[in-house]
Amino acid sequence: MAEKSPAADVEAGLLAHLNSADEVPDSRSFASSLGVSHLELKGVIKSLSAFRIVESTDIIKETWVLTEEAKGYAAKGSPEAQLVAAIPPEGASKDALKAKLGDAFDVGMKAAARNKWIGFDKGNKDLVLRKVESVKDELQEQLRRLENGEAVPDRVIDDLKRRKLITKEKSIWHSLKKGPEFVLKRKTLATDVTTEHLRSGDWKDLEFKDYNYGAQGQPIAKGYVQPLMEVREAIENIFIMMGFTEMPTNNFVESSFWNFDALFQPQQHPARDSHDTFFLKAPATTQQLPDDYLEKVKQVHQSGGYGSKGYVYDWKRDEAEKNLLRTHTTAVSTRMLYKLAQEKPFAPKRYYSIDRVFRNEAVDRTHLAEFHHIEGLICDYGLTLGDLIGVLEDFLSSLGMSKLRFKPAYNPYTEPSMEIFSYHDGLKKWVEVGNSGMFRPEMLLPMGLPEGVNVIAWGLSLERPTMILYGIDNIRDLFGPKVDFNLIKSNPLCRLGL
Ligand code: FB9
């Protein structure tokens with residue numbers, strides 16, 4: 001017969017007692033009558049209450065308990081009383097008293113002085129003198145009364161709290177009575193039919209524990225989608241639903257030509273120096289630029305054309321051949337638009353890209369030297385700024401951003417350009433969402449796109465929306481070696497405004 005667990009004895013003891021006495025007014029004294037700890041009895045009460053075999057009512061009492069320091073004073077007297085007791089009639093030096101009282105010395109001196117129990121010799125400030133024969137150590141008295149659970153006046157409690165000698169302790173105990181399912185001996189409910197039960201046949205009169213259909217399953221150790229990838233997928237779905245096709249972004253290394261020159265960004269533009277852009281040492285330059293198109297780009301930079309007067313400077317091929325880490329996926333848009341221009345007859349297109357770009361920027365709470373650039377573009381005849389605003393409203397409203405504002409902006413490759421702002425209800429402020437514009441003819445026509453074909457485009461980051469949607473305020477918690485996995489595991493993605 002299995003060894004009966006102490007809990008079973010406690011249970012048997014309690015049920016037997018209730019069976020005869022109907023109630024247990026104070027679980028503390030009942031535990032000591034059983035010779036078990038109150039904590040152990042609490043465990044049994046919790047389980048019996050769960051099966052409504054007993055009914056337990058909590059009794060909560062907050063009591064002031066003495067700190068270790070106070071227990072010392074209750075035993076040996078208050079520091080001020082100890083101090084006076086240590087001063088002989090002729091007085092004592094501070095060092096002598098400090099040696100005797102240890103940490104109680106400072107507190108004792110202050111309190112004894114406050115109580116005018118001590119004074120100092122006029123001539124020698126170091127000599128402490130008694131000013132009273134004996135003292136009534138009220139503090140010790142009050143501490144002892146508290147120790148015995150006696151009540152003390154509130155002003156005393158406030159004084160003891162101020163001297164950090166007492167702390168509040170909540171003690172909970174229970175009064176018990178029979179529950180609606182009271183039994184003298186609880187059937188141990190079987191939780192499984194075992195071969196033993198089947199062989200012995202005693203399964204017939206076994207009572208089975210109810211299935212707890214509400215029980216939480218074992219947390220399964222599974223992988224988690226990086227929040228950036230979760231938001232990336234949601235934004236991709238929006239693009240795809242709007243009829244956009246993804247551009248191939250599988251080249252972090254790009255030539256200055258596609259990243260800047262083809263975008264009609266002049267070679268002396270500040271973004272093109274190593275303060276903003278990571279240039280490659282090896283391979284430092286590219287040899288694969290389309291010569292005829294390159295010639296057109298050179299022309300439009302140097303002397304314009306297509307109604308533009310260009311930048312009128314000496315455009316250098318070797319500057320365009322410099323390799324770098326792309327600073328925006330607009331470099332991919334340039335390649336795709338050039339490729340589209342070679343496909344005759346022209347067919348309108350909607351393209352998007354979401355991938356990493358690199359900028360030699362100071363790293364701070366919201367900026368790393370790389371981020372994920374999200375770009376959308378539509379290339380078609382007769383597109384206007386209105387079309388751009390319209391598609392931005394569609395796109396951003398799917399991201400839960402409906403209240404938009406557009407602020408004129410400048411990009412070397414778009415005219416007109418607009419910064420996009422959205423009012424974020426959660427943050428209760430206008431948030432800069434991104435940038436947009438209509439690609440300049442100086443960019444599109446050298447590619448060979450037909451007259452009248454316009455390209456509207458916009459860009460934003462993946463990190464900002466992800467930080468806002470996940471409530472992450474430091475980008476290092478989201479991306480990189482210091483990612484906080486618990487945050488990823490625990491932070492449910494609040495549904496994008498889909
Ligand atoms: O992502 C940005 N902000 C943002 C986006 C979404 C969002 O969603 C919330 C759920 C509600 C919240 C905020 N920004 C763009 C704005 C700022 O964060 C800005 O400070 C940082 N920008 C990056 C560039 O930093 C140097 C974000 C990044 C950005 C900016 C512009 C473009 C792309 C990315 C572009 C472009 C463009 C323009 C014309 C034609 C083609 C592309």
Side-chain angles (χ1 to χ4, degrees), residues 222-242 244 246 249 252 271 276-278 325-330 332 352-376 392-407 409 411 418-436 457-498:
K222 65 178 181 61
Y224 291 81
V225 179
Q226 221 284 358
L228 280 171
M229 294 305 118
E230 189 128 19
V231 177
R232 186 188 199 286
E233 190 187 339
I235 291 177
E236 266 200 300
N237 295 339
I238 293 168
F239 272 120
I240 292 161
M241 278 192 292
M242 293 173 71
F244 285 71
E246 183 170 20
T249 55
F252 292 168
D276 286 351
T277 298
F278 296 109
L325 292 182
R326 64 175 175 222
T327 61
H328 49 195
T329 58
T330 316
V332 178
Y352 78 89
S353 62
I354 307 177
D355 210 329
R356 298 161 94 162
V357 299
F358 309 85
R359 296 189 181 181
N360 188 359
E361 276 175 355
V363 172
D364 64 21
R365 189 181 59 77
T366 58
H367 284 82
L368 292 174
E370 65 178 87
F371 68 87
H372 290 76
H373 178 136
I374 301 171
E375 178 145 321
L392 283 171
E393 276 161 357
D394 282 1
F395 177 76
L396 293 172
S397 61
S398 306
L399 273 175
M401 293 182 267
S402 45
K403 283 195 281 307
L404 300 181
R405 274 193 189 149
F406 299 97
K407 182 175 153 215
N411 299 309
M418 307 184 295
E419 271 176 2
I420 312 154
F421 291 81
S422 156
Y423 185 77
H424 194 276
D425 302 326
L427 303 172
K428 297 262 169 300
K429 64 176 182 169
W430 284 92
V431 176
E432 183 195 350
V433 168
N435 196 308
S436 65
W458 70 93
L460 62 156
S461 75
L462 182 60
E463 280 74 6
R464 292 297 298 131
T466 306
M467 288 173 74
I468 291 173
L469 291 160
Y470 271 78
I472 297 169
D473 76 339
N474 188 319
I475 195 161
R476 293 186 190 76
D477 296 337
L478 172 67
F479 194 60
K482 295 207 192 73
V483 162
D484 172 342
F485 280 103
N486 297 324
L487 185 137
I488 289 178
K489 287 181 185 163
S490 61
N491 245 21
L493 169 72
C494 50
R495 287 277 123 239
L496 281 174
L498 296 174

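Because the structure is predicted, anything quoted here is derived from the model rather than measured.
Residues passing the side chain to side chain donor-acceptor pair (under 3.5 Å) test with Ser353 are Thr329, sequence neighbours excluded. By the side chain to side chain donor-acceptor pair (under 3.5 Å) test, His328 is found to be paired with no residue, residues two or more places apart in sequence or in another chain being considered. Applying the salt bridge (Lys or Arg N to Asp or Glu O under 4.0 Å) criterion to Arg356, with sequence neighbours excluded, gives Glu370. For Glu393, there are no salt bridge (Lys or Arg N to Asp or Glu O under 4.0 Å) partners two or more places apart in sequence or in a different chain. Residues forming a side chain to side chain donor-acceptor pair (under 3.5 Å) with Gln226 (at least two apart in sequence, or on another chain): none.
Considering all non-hydrogen atoms of both residues, Ile468 and Leu427 come closest at CD1-CD1, 3.9 Å. Nearest approach of Glu230 to Tyr470, heavy atoms of both residues: OE1-OH, 3.2 Å. Nearest heavy-atom pair across Asn435 and Ala409 is ND2-CB, 4.3 Å. Minimum heavy-atom separation, Leu404 to Trp430: C-CZ3, 3.9 Å. The shortest non-hydrogen separation linking Thr277 to Ala271 is OG1-O, 2.7 Å.
The CG atom of Asp355 lies 6.0 Å from the CZ atom of Arg232; values are rounded to the nearest 0.5 Å. Rounding to the nearest 0.5 angstrom, the gap separating the CD1 atom in Ile374 from the CD1 atom in Ile238 is 9.0 Å. Atoms CZ and NE2, on Phe358 and His373 in that order, are 13.0 Å from each other to the nearest 0.5 Å. The line from CD of Glu375 to OG of Ser436 is 10.5 Å long, rounded to the nearest 0.5 Å. Taking CG of Leu228 as the reference point, atom CD1 of Ile472 lies at 8.0 Å (rounded to 0.5 Å). Between the CG atom of Asn411 and the CD atom of Glu419 there is a distance of 8.5 Å, given to the nearest 0.5 Å.
Side-chain N or O atoms of Arg326 include one that pairs as donor or acceptor with a backbone N or O of Thr249 at under 3.5 Å. Although no hydrogens or angles enter the test, the distance criterion places a donor-acceptor pair under 3.5 Å between the side chain of Arg359 and the main chain of Thr327.
Put simply, the side chain of Ile420 does not reach to within 4.5 Å of the side chain of Phe395, judged on heavy atoms. A heavy-atom distance below 4.5 Å is found between the side chains of Glu463 and His372. Two residues are said to be in side-chain contact when any heavy atoms from C-beta on lie closer than 4.5 Å; Phe371 and Leu462 fail this criterion. Using a 4.5 Å cut-off on side-chain heavy atoms (C-beta onward), Met401 and Tyr423 make no contact.
Counted by atom type alone, Glu236 and Tyr352 present one or more donor-acceptor pairs between their side chains at under 3.5 Å.
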Please output the side-chain donor-acceptor pairs of residues 473-482 that fall under 3.5 Å, not counting sequence neighbours, one pair per line with the distance.
{"residue": "Asn474", "atom": "OD1", "partner": "Arg476", "partner atom": "N", "Å": "2.7"}

- [ ] Report the C-alpha separation of Ser422 and Leu396 in whole Å, then their side-chain angles, then the decisive distance to 0.1 Å, and conclude whether the side-chain contact (heavy atoms from CB on, under 4.5 Å) test is met.
- [x] CA-CA 9 Å; Ser422 156; Leu396 293 172; 5.9 Å; no
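A perpendicular orientation is assigned to the rings of Phe244 and Trp458, their planes being inclined by more than 60° (bins at 30° and 60°).
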